[in-house]
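For reference, the structure is listed below as structure tokens.
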2 protein chains.
Amino acid sequence: MTVTLADVAARARVSPATVSRVLNGNYPVAAATRERVLRAVDDLDYVLNGQASALAAATSDLVGILVNDIADPFFGIMAGAAQSEIGGPGDGSGRAGGEKLAVVCNTGGSPDRELTYLTLLQRQRAAAVVLTGGAVEDPAYQTAMAAKLARLADAGTRVVLCGRPPLPDGAAVVAALAFDNQGGGRMLTKHLLSLGHRRIGYVAGPLERTTTRHRLEGHREAMRGSGLCGDEDRLTVHGSYDRRSGYDATVELLRREPEITAVVAANDTVALGAAAAIRDRGLRIPEDISVAGFDDLPFSVDVVPALTTVRLPLFEAGARAGRLAMGKENPPPGGIALVPAELMVRGSTAAPRG
Amino acid sequence: MTVTLADVAARARVSPATVSRVLNGNYPVAAATRERVLRAVDDLDYVLNGQASALAAATSDLVGILVNDIADPFFGIMAGAAQSEIGGPGDGSGRAGGEKLAVVCNTGGSPDRELTYLTLLQRQRAAAVVLTGGAVEDPAYQTAMAAKLARLADAGTRVVLCGRPPLPDGAAVVAALAFDNQGGGRMLTKHLLSLGHRRIGYVAGPLERTTTRHRLEGHREAMRGSGLCGDEDRLTVHGSYDRRSGYDATVELLRREPEITAVVAANDTVALGAAAAIRDRGLRIPEDISVAGFDDLPFSVDVVPALTTVRLPLFEAGARAGRLAMGKENPPPGGIALVPAELMVRGSTAAPRG
DNA sequence: CTGTTAGCGCGTTCAT
DNA sequence: ATGAACGCGCTAACAG
């Protein structure tokens, strides 16, 4: 039923080894024989058995890309960029040569699922793994993750972190590309302060994630730099990284302190929810309240007014992570690179009234 | 270096066969021995070799989900839903039991890459494959795709189509869940007609995709139903499914016919671009021009004014496709189901002036 | 340049 | 309930 390499060999009247050599192209084969073999392959609709091949050669062509939320363009952009560097262009024949199989795994932000996916990829002896997005700061999880990554690296899997801080205990990874979330947060709040804002609400992400903490720390640094503090906890509401959460948190923020003149959101999606809450309250943006986001996702320029935000080079970082995973690019010094953020000032922020 | 099942067996003082039985749990093993084996597994940090196991058992735990654009929530939502049905919840141990490895492959909308991915998945002897999104209508591609899917099905891979019309030549697939793009398009344009619009511009997607054609056909049906025709080609501009394309096409539409009172876009993302073009021209939405989209992506309710659009149950369809792929749900009669669309009337459409 | 031989790590018969 | 032996389909030496 299923056609094997031996069948091809028989039909081409050569040995299995020769067929293997033709298919892998890593060895000299006479043009005539190669022709015969390829014809037999086509005649028989033969497709290499990946597992047998991987088992024998002790290598795999699978590369995993882990994301927290596949429906969020933040991850989609990084994953797509990484995949395009890994997958190769394809030769148009649909026959597939030595390409890697770059696959995206959706963890849903759950540490358990993340660990499970890593085990599954370890089972497949994945050639490389790219982890995207912020990490959870639970100690037990950190330990488990560090151990698992060490074992993966150990087994020859190249591990790359993209948009995630380096592991606490040092490397064990090929490279870590960390976003400058703290610097971005600082920049953004400084911008608001320079416009004259003093009462600034902050809609933060989930408490336990590094991304949340770093962005919030940048914000508070800027606030303290202007001598503003004390109200920090009252003017901060935590939620998840989605629109609904942004809406609810903003409602709560306005209840706690109706006099705020600006709302900084954990990311652009959350900012969308914040803006909706503000409008539903009958307030105008930016005349009554300024709103700012983070990430600069594609839609941010399209909302009205366009969103002031911090741009993260998601595509570039994803692509670089992909190249790093493939060994097509040298790791940064120390295996760690801080990817810079850029302030994008648009219409959603302005000087406060009066 | 790498620890194998034999190592575990040696440490647990049992035969390799027993270890295998414990791990797969498909066979009676004495509780005491099982304990010993599991302890040895933990002690040695043993992880099953997926390829060896797959090779021996002639089964694979890989399930592929193909998407056109991973950065587009349209696909992300479907893929995430499918993956959640396939991957299993994980048991929290990170140890991974009999889970399938659900992976997402990004084709970038390229037929070649799509075919290449299918070959790669075929190589891995994937347990199932879910194809999402509209198909390209090129005959050569259709033939190649049908042949490839037939071969996959033949090799035991369960093939499910999600948001894609059934193959021309009949099944060979477990199930095809097709969106009612035509009905949705008709509904939407009827809504505009009922508001009093007569000169309606259409920003269509890429010419060769089924999704584009079906939505456009629905639109034209509605137009003809109101006795409106003739201007069809002049009032239709094709582009890709992205914001930029929506912007450019709308500029062109307004150049060709400044008197249009409504613009229907191929999808929500394109509608965003259309709206930007209209605003940049100094026109108001919906007072001067109404705008409508398709899909009802999460952001559509957040733009201002909120977007009138056609809701597709992306999550539900993706989840169902996942269950179908796993054999957890029975296929619809004939293997084909038409997934209904729902009109969502919001602020971006209103009666034309005058 | 090509054929022969020997595993890769595991599941699965058979025995026992 | 457990162990021994074979083979899954392929690649990697080693000859020739």
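We name chains A, B, ... by the order of the sequence lines, and we start the count at 1 in each one. This structure is a prediction, so every number in the text was calculated from the model and none was measured.
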- prompt: So do B/Thr107 and B/Asp112 actually touch side chain to side chain, heavy atoms under 4.5 Å?
  reply: no

message: Any heavy-atom pair between the side chains of A/Leu66 and A/Val104 that's under 4.5 Å?
response: no

Listed nucleotide nearest any side-chain atom of [X], set [options]:
{"X": "A/Ser15", "options": "C/dC1, D/dG9, C/dT4", "value": "C/dT4"}
{"X": "A/Ala17", "options": "D/dC10, C/dG9, D/dA12", "value": "D/dA12"}
{"X": "A/Leu5", "options": "C/dT2, D/dT2, D/dT11", "value": "D/dT11"}
{"X": "A/Ala57", "options": "C/dC1, C/dG11, D/dT11", "value": "D/dT11"}
{"X": "A/Thr18", "options": "C/dG11, C/dT2, C/dG7", "value": "C/dT2"}
{"X": "A/Ala30", "options": "D/dT2, C/dC1, C/dT12", "value": "C/dC1"}

message: I'd like to know if B/Arg21 reaches the base of D/dG3 with its side chain such that a donor and an acceptor end up less than 3.5 angstrom apart.
response: yes

May I have the distance from [X] (atom [atom1]) to [N] (atom [atom2]), rounded to whole angstrom?
{"X": "A/Asn26", "N": "D/dA13", "atom1": "CG", "atom2": "C1'", "value": "15 Å"}
{"X": "A/Asp61", "N": "D/dC10", "atom1": "CG", "atom2": "P", "value": "14 Å"}
{"X": "A/Asp7", "N": "D/dG9", "atom1": "CG", "atom2": "P", "value": "9 Å"}
{"X": "B/Leu23", "N": "C/dG11", "atom1": "CG", "atom2": "P", "value": "7 Å"}
{"X": "B/Leu55", "N": "D/dG9", "atom1": "CG", "atom2": "C1'", "value": "6 Å"}
{"X": "A/Gln124", "N": "C/dC10", "atom1": "CD", "atom2": "P", "value": "13 Å"}
{"X": "A/Arg125", "N": "C/dG9", "atom1": "CZ", "atom2": "P", "value": "9 Å"}
{"X": "A/Asn24", "N": "D/dA12", "atom1": "CG", "atom2": "P", "value": "7 Å"}

task: Could you check B/Ala56 against A/Arg34 and say which one's nearest nucleotide on DNA chain C is further toward the 5' end?
output: A/Arg34

- prompt: With nearest nucleotides of DNA chain C determined for B/Ser53 and A/Tyr27 from heavy-atom distances, which residue corresponds to the more 5′ nucleotide?
  reply: A/Tyr27

What pairs of donor and acceptor atoms, side-chain ones from residues 46-58 of chain A against any protein atom, are under 3.5 angstrom apart with sequence neighbours left out?
from: A/Asn49; atom 1: OD1; to: A/Gln51; atom 2: N; distance (Å): 2.9
from: A/Asn49; atom 1: OD1; to: A/Ala52; atom 2: N; distance (Å): 3.1
from: A/Gln51; atom 1: NE2; to: B/Gln124; atom 2: O; distance (Å): 3.3

query: Under a 4.0 Å N-O cut-off, is there an ion pair linking B/Glu114 with B/Arg164?
result: yes

Can you give each donor-acceptor pair under 3.5 Å made by side-chain atoms of residues 3-17 of chain B, sequence neighbours left out, with the distance rounded to 0.1 Å?
from: B/Thr4; atom 1: OG1; to: B/Ala6; atom 2: N; distance (Å): 3.1
from: B/Asp7; atom 1: OD2; to: B/Thr4; atom 2: N; distance (Å): 2.8
from: B/Arg11; atom 1: NH1; to: B/Asp43; atom 2: OD2; distance (Å): 2.7
from: B/Ser15; atom 1: OG; to: B/Ala17; atom 2: N; distance (Å): 3.4
from: B/Ser15; atom 1: OG; to: B/Thr18; atom 2: N; distance (Å): 3.4
from: B/Ser15; atom 1: OG; to: B/Thr18; atom 2: OG1; distance (Å): 3.3

- request: For B/Val14, answer base if it contacts any base atom (sugar-phosphate contacts may also be present), sugar-phosphate if it contacts only those atoms, and nothing otherwise; contact means non-hydrogen atoms under 4.0 Å.
  value: sugar-phosphate

- request: Nearest-nucleotide wise, let me know which of B/Ala52 and B/Pro28 is further upstream toward the 5' end of DNA chain D.
  value: B/Pro28

- prompt: Counting just side-chain N and O atoms, does B/Thr33 come under 4.0 Å of either OP1 or OP2 of D/dA1?
  reply: no

